[in-house]
Amino acid sequence: PVPLVESGGGSVHTGGSLRLSCTVSDALYTTGKRVAWFRQAPGKEREGVAAVLINTDATFYADSVKDRFTISQDNAKNMVYLQMNSLKPEDTGMYYCAADWVSYTRWYRLNAYDNWGRGTQVTVSS
């Protein structure tokens, strides 16, 4: 088993929906652990999309996706999901699942995370 594995990416039209899944290893799936979704488009910096604290109700969202995306967890399956609705071309990018190693930074800081999946591609066309 690898630490983090993403799936669910694909190609959709503007306004479509996708659900991304992240399977998290037992070692990382612990109460209070931050698991986040980041994305990166060609030529752009990697940016935080959403995050959740495992086994809590705490969630975080980037302003650009708030009210369109929902992050959730299934503790019985060690999985974190990202439901993406009303997709726009600007949502296009490689989406990564990550688990943090420090808790004192903002959730969207890249240096808070030291475990990353390989990514799943999301493409939204006009």
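Fair warning: this is a prediction, and the values are worked out from it, not measured in the lab.
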According to side chain to side chain contact (heavy atoms under 4.5 Å, CB included), who are the partners of T59, at least two apart in sequence or on a separate chain? V52, Y61, I71
Counterpart residues, side-chain hydrogen bond (donor to acceptor under 3.5 Å, both in side chains), relative to R68 (two or more places apart): D91
Quick one: do L82 and E6 satisfy side-chain contact (heavy atoms from CB on, under 4.5 Å)? Show the steps, please. CA-CA 10 Å; L82 185 68; E6 307 98 329; over 6 Å; no
I'd like to check L87 versus H13 (side-chain heavy atoms, cut-off strictly below 4.5 Å). Are they in contact? no
Report the residues that fulfil side chain to side chain contact (heavy atoms under 4.5 Å, CB included) with V122, sequence neighbours left out, ordered by chain and then residue number. L18, L20, M84, Y95, V124
To the nearest 0.5 Å, atom CG of D114 lies from atom CG of D100 at 8.0 Å
For S126, what residues pass the side-chain hydrogen bond (donor to acceptor under 3.5 Å, both in side chains) criterion, not counting sequence neighbours? none
Which residues satisfy the side-chain hydrogen bond (donor to acceptor under 3.5 Å, both in side chains) test with D26, sequence neighbours excluded? N78
Could you tell me whether a side-chain N or O of Q83 sits under 3.5 Å from a main-chain N or O of R19, the two making a donor and an acceptor? no
Ignoring hydrogens and angles, tell me if any N or O in the side chain of Q40 forms a donor-acceptor pair with the backbone of G93 under 3.5 Å. no
Rounded distance (nearest 0.5 Å) linking atom CG of N55 with atom CD of Q73: 6.0 Å
Going by the ring pair (Phe, Tyr, Trp, His ring centres under 6.0 Å) test, which pairs reach into residues 16-36, not counting sequence neighbours? none
Could you grab the distance from atom OG1 of T105 to atom CG of N111, nearest 0.5 Å is fine? 6.0 Å
Taking all non-hydrogen atoms of both residues into account, name the closest pair between A99 and K33 and its distance. CB-CD, 4.3 Å
Strictly distance-based, threshold 3.5 Å: is any side-chain N or O of T14 a donor or acceptor partner for the main-chain N or O of S125? yes
Result for side chain to side chain contact (heavy atoms under 4.5 Å, CB included) between I54 and one of T30, V35, T31 points to V35
So which residues get pulled into F60's cluster when ILVMFWY side chains under 4.5 Å apart are joined, directly or through others? F38, L53, M94, Y96, W107, Y108, L110, Y113, W116
Write out all pairs satisfying disulfide bond (SG atoms under 2.5 Å apart) with one or both partners inside residues 17-108, taking only residues at least two apart or from two chains. C22-C97
For M79, the rest of its hydrophobic cluster, which grows through side-chain links under 4.5 angstrom: Y81
Residue pairs, two or more places apart or on separate chains, that pass salt bridge (charged side-chain N to carboxylate O under 4.0 Å, His left out) and touch residues 45-56: R39-E47
Closest non-hydrogen contact found for T120 with G8 is OG1-N, 4.1 Å
For S17, which residues count as a side-chain hydrogen bond (donor to acceptor under 3.5 Å, both in side chains) partner, sequence neighbours excluded? N85
Got a donor-acceptor contact below 3.5 angstrom from the Q121 side chain to the G9 backbone? no
